[in-house]
*Asks:* 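Got a structure for you, questions after.
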2 protein chains.
Amino acid sequence: MSRKLSKPRLAAWRGLLTVQAQVVAKIERRLAAEGLPALMWYDVLFALHEAAGKRLRMSELADEVLLSRSGLTRLVDKLEAGDYLRRENCATDKRGLEVVLTEKGTQVLREVWPVYSSGISEWFSDSLSDGEVAELTRILDKILHAE
Amino acid sequence: MSRKLSKPRLAAWRGLLTVQAQVVAKIERRLAAEGLPALMWYDVLFALHEAAGKRLRMSELADEVLLSRSGLTRLVDKLEAGDYLRRENCATDKRGLEVVLTEKGTQVLREVWPVYSSGISEWFSDSLSDGEVAELTRILDKILHAE
DNA sequence: GGAAAGTGATTGCGTATGCAACTACATGCC
DNA sequence: GGCATGTAGTTGCATACGCAATCACTTTCC
């Protein structure tokens, strides 16, 4: 592993960083301009929405959204204060908590989605063909599933 | 623009976010573990290294590394305090500054590069063929150059 | 030439985030 | 059982970052 990094490989990496940074920044600005919550809030609520029973353990949720445990604790504090989700004690492990999506959380997902999805379309995927999208996904998955 | 976002297009976007987040986090942790400066420091010094005369205006540098102007001001403060670069008054515009890479800055680039590049290899590009790397770069460039 | 509008950089302020330390509970080992 | 070790989540602290306001200078327009 870690053989010498060629120029084309570095170029691919820099391209990925640039695309991600630019698209995320544009979407975040549009969300803020419309008075909507930040992407990370959406990610958390969306992860819950996709989970069985619309609930996850704190640790599972942190892994899902790629946030540190402490970062998630604080974010969940805010989301719970806004009644977008609630913490429940875990029946099988008294150390643990489960986080459950509320109806209001589901509602805010519906409000944010149009802005988020149109940003992804407009700034990320509209310039690609279906074939290119498939190829990009395949390559990224290959990276993710390499051990 | 902003036609409906299909599932495959969303999957590509989420893949990109995940790859970037995971690889960056791993590289940052390794840099921190070795007592080396963070990636953003490297990006700034590298941008200067690549620039003609190893110097750039503050604004050019901010655009290059995708950081806000205020963020760059503060980062350059720290880099200048460590003698990795220095600010010089711009001859043609008294509002402006030029940032110049120092010898020590060049040196730290050489120290960080092995860690950075081996991280990119190991966690990003090693699982791809040359053809896949080329295809990935082509697709990302297409996104970047779409207006 | 000079007022109005624009641009480059910095600073104040609020927020987000990670690491390390901590508490509470769980598991393994004897 | 009971001590040692491990794991779930939270909190203290330091740092990084963006937006809006600001200051200095430049450009535009009359």
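Because only heavy atoms are used, hydrogens play no part in the values below, and waters and symmetry mates are left out as well, while side chains stay in. Letters A, B, ... mirror the listed sequences (proteins, then strands); counts begin at 1.
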*Asks:* So what is the end-to-end bend of the helix from C/dG1-D/dC30 to C/dC30-D/dG1, with 5 pairs used at each end and the value given to 10 degrees?
*Replies:* 30°
*Asks:* Rounding to a whole Å, what distance do you find between B/M40:CE and D/dT15:C1'?
*Replies:* 14 Å
*Asks:* Go through DNA chain C in 5' to 3' direction and return only the first and the last nucleotide with some atom under 4.0 Å of chain B's heavy atoms.
*Replies:* C/dG6 to C/dC19
*Asks:* Taking atom P of D/dA16 as reference, at what distance in whole Å does atom CG of B/L72 sit?
*Replies:* 14 Å
*Asks:* Would you find a donor on one side and an acceptor on the other, under 3.5 Å apart, between the side chain of A/K54 and the backbone of A/L101?
*Replies:* no
*Asks:* Whole angstrom is fine here: how far is it from CG in A/D77 over to P in D/dT11?
*Replies:* 7 Å
*Asks:* Counting N and O atoms only, with roles assigned by atom type, does the side chain of B/R30 sit under 3.5 Å from a partner on the main chain of B/V115, one being a donor and the other an acceptor?
*Replies:* no
*Asks:* Of A/R29 and A/E98, whose closest DNA chain D nucleotide lies nearer the 5' terminus?
*Replies:* A/E98
*Asks:* Over how many whole Å does the gap from B/R69 atom CZ to D/dA21 atom C1' extend?
*Replies:* 16 Å
*Asks:* Can a salt bridge be assigned to the pair A/K26 and A/E122 using a cut-off of 4.0 Å between side-chain N and carboxylate O?
*Replies:* no
*Asks:* Quick check: any donor-acceptor pair below 3.5 Å linking the side-chain of B/S70 to the base of D/dC17?
*Replies:* no
*Asks:* Between D/dA24, D/dG12, D/dT10, which nucleotide has the shortest distance from any of its atoms to the side chain of A/R74?
*Replies:* D/dG12
*Asks:* Provide, to the nearest angstrom, the distance between the CG atom belonging to B/L97 and the P atom belonging to D/dA24.
*Replies:* 14 Å
*Asks:* What is the separation between atom CG on B/N89 and atom C1' on D/dC25, rounded to the nearest whole Å?
*Replies:* 12 Å
*Asks:* So what does B/T73 hit on the nucleic acid, given a heavy-atom distance under 4.0 Å: a base, only sugar-phosphate, or nothing?
*Replies:* base
*Asks:* By nearest heavy atom, map A/E60 and A/R95 onto DNA chain D; which one lands nearer the 5' end?
*Replies:* A/R95
*Asks:* Nearest 0.5 angstrom please: B/E50 CD to B/L109 CG, how far?
*Replies:* 9.0 Å
*Asks:* With a sphere of 6.0 Å drawn around NZ of B/K94, does it hold more than 12 non-hydrogen atoms of other residues, nucleotides or ligands?
*Replies:* no
*Asks:* Have a look at B/L75 and say if it touches a base, only the backbone sugar-phosphate, or nothing, with a 4.0 Å heavy-atom cut-off.
*Replies:* nothing
*Asks:* Taking the nucleotide of DNA chain C with the nearest heavy atom to each, does A/D93 or A/K78 sit closer to the 5' end?
*Replies:* A/K78
*Asks:* Quickly work out the B/L66 CG to D/dG18 C1' distance and round it to whole Å.
*Replies:* 14 Å
*Asks:* Hey, are A/E98 and A/R55 close enough for a salt bridge, meaning a charged N less than 4.0 Å from a carboxylate O?
*Replies:* yes
*Asks:* Between A/R9 and B/D130, does any side-chain N to carboxylate O distance fall below 4.0 Å?
*Replies:* yes
*Asks:* Do B/R69 and B/S59 have side-chain atoms, one donor and one acceptor, less than 3.5 Å apart?
*Replies:* yes
*Asks:* Taking B/E80 for the side chain and B/R87 for the main chain, is one N or O donor matched with an acceptor at less than 3.5 Å?
*Replies:* yes
